[in-house]
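Here is the structure we will look at.
Not measured: the values here are computed from a predicted model.
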Amino acid sequence: MMELRKILAGRIVLTAVATVILLFVALPIVVILVTSFSNNAFAAFPPEAWTLNWYKALFADGSKWPAALSLSALIAALSTVFSLIIGVTAATALTRSELPLRSAVFALVLGPLVIPQIVTALGLFLLFEPAAMLGSPIAIALGHTVLASPIAVLILIATLRGIDERLEDAAASMGAGRLTIARRITFPLAAPGMIAAAIFSFITSFDEFYISQFLSSVDTVTLPVQVYNSLTFEIDPSVTAVSAILIAIAILALGLVALVRWLGSGRQDSLLSVENTVGVANPGGEAV
């Protein structure tokens, strides 16, 4: 009885501590969301009155926010494509082949996550400046890929390791080639992970500041750089509305990732049930 009480008390304490930590983490987000509807030009909290003026100002004539938003979306889309290409290639090599110096390659791929972003941004500036590529959306997208691709690699490695290799072996035993196995077995099962990698790569690029700041020009200002400029050189309460929109995009993206992974969770189980029912044909034609 005493042991049961100790376990119950421990769970209550753990739940309380976890709740306090979650509230502490979520509090700044709640403050931003509430402040974005304040009528105070200095973004006071709590609001004295409520208004949608700051959201309307984002898309008013002469506003710089639509151009920054569209440029960030374009760069994020390009970076997502580049990151997926690198992520699929690297993850497949690290999980499905006997790659020499695998640990060294894995460490090299994840290196940008350890190196300070401002150092990476400075290195990219010194790389693209002699080539006269500063301000190019392609250059900024390539710079964002340096940070987004390691995240895509991690997600896809976990996804590929979670796929039962018996399915691939079964297809190979029936004469399927590597491309057929990848197209009919591996990639369909890895689709939820690929979508998750794409979403996280997009968010990483969309929110990136340091690389955008170093590689942008007067005519190519991304959304995070525009937010920084608005906070540095002028008092623009529309920043709170932009921040609220970014938070909403992040929440929707995470919800989409959860939905995709839930919808795809049963695909491998269904294939495994078919394999266990039908069997795998051996060279002699008997089911094993």
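- Distance alone, capped at 3.5 Å, places no donor-acceptor pair between the Q213 side chain and the S216 backbone.
- Taking all atoms of both residues into account, the shortest heavy-atom contact from A148 to S79 is CB-OG, 4.0 Å.
- By the rule that hydrophobic residues join a cluster once side-chain heavy atoms approach within less than 4.5 Å of another member, L74 and F202 end up as members of separate clusters.
- Listed by chain and residue number, nothing satisfies the side-chain contact (heavy atoms from CB on, under 4.5 Å) test with A250 (two or more places apart in sequence, or in another chain).
- Side-chain atoms of I199 and L256, non-hydrogen and from C-beta on, do get closer than 4.5 Å to each other.
- Looking at residues two or more places apart in sequence or on another chain, you find a side-chain hydrogen bond (donor to acceptor under 3.5 Å, both in side chains) between S217 and T220.
- Residue pairs meeting the side chain to side chain donor-acceptor pair (under 3.5 Å) criterion with at least one member in residues 186-202, sequence neighbours excluded, are E168-T186.
- In this structure a side-chain-to-backbone donor-acceptor pair under 3.5 Å is present from S72 to L223.
- For S136, there are no side-chain hydrogen bond (donor to acceptor under 3.5 Å, both in side chains) partners at least two apart in sequence or on another chain.
- Membership of the apolar cluster around I32 extends to I29, L33, I247, I251, as traced through chained side-chain contacts below 4.5 Å between ILVMFWY residues.
- Under a 4.5 Å side-chain heavy-atom criterion applied to ILVMFWY residues, the cluster that includes M194 comprises V88, L156, F187 as well.
- Side-chain contact between F209 and T222: absent, with no pair of heavy atoms (C-beta onward) separated by less than 4.5 Å.
- Between the T92 side chain and the T89 main chain, no donor and acceptor come within less than 3.5 Å of each other.
- Checked against side-chain hydrogen bond (donor to acceptor under 3.5 Å, both in side chains), S205 has the following partners two or more places apart in sequence or in another chain: H144.
- Among all heavy-atom pairs drawn from A198 and T80, the shortest one is O-CG2, 3.5 Å.
- Side-chain contact check for I118 versus F214: some heavy-atom pair is nearer than 4.5 Å.
- A search for side-chain hydrogen bond (donor to acceptor under 3.5 Å, both in side chains) contacts involving N53 returns T51, not counting sequence neighbours.
- Side-chain contact between V221 and K64 is absent, with no heavy-atom pair separated by less than 4.5 Å.
- Put simply, the side chain of L252 does not reach to within 4.5 Å of the side chain of I249, judged on heavy atoms.
- Taken from CG in L154 to OG1 in T159, the straight-line distance is 10.5 Å, to the nearest 0.5 Å.
- A171 and I181 make their closest contact through CB-CG1, 3.9 Å (heavy atoms, listed as atom of the first residue, atom of the second, distance).
- Residues L58 and I245 meet the side-chain proximity criterion, which asks for heavy atoms closer than 4.5 Å.
- Closest of all the heavy-atom pairs between L71 and P137 is CD1-CG, 4.2 Å.
- Open room surrounds OH on Y210; 12 or fewer heavy atoms of other groups in view lie less than 6.0 Å from it.
- With sequence neighbours excluded, the residues that form a side-chain contact (heavy atoms from CB on, under 4.5 Å) with I151 are L113, I155, F200, T204.
- Between the side chain of S173 and the main chain of A170, a donor-acceptor pair closer than 3.5 Å is present.
- The nearest pair of heavy atoms linking S212 to V225 is CB-CG2, 3.7 Å.
- Minimum interatomic distance between G143 and L124 (heavy atoms only, all atoms of both residues): CA-CD1, 3.5 Å.
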Could you tabulate the donor-acceptor pairs under 3.5 Å formed by side-chain atoms of residues 8-27, not counting sequence neighbours?
residue, atom, partner, partner atom, Å
T15, OG1, R11, O, 2.8
T19, OG1, T15, O, 2.7

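- Residue pairs satisfying the ring-ring contact (aromatic ring centres under 6.0 Å, His included) criterion with at least one member in residues 55-96, sequence neighbours excluded, are listed as follows: F37-Y55.
- Under the rule for a side-chain contact (heavy atoms from CB on, under 4.5 Å), the partners of V105 that lie at least two apart in sequence or sit in another chain are L94, L99, V109.
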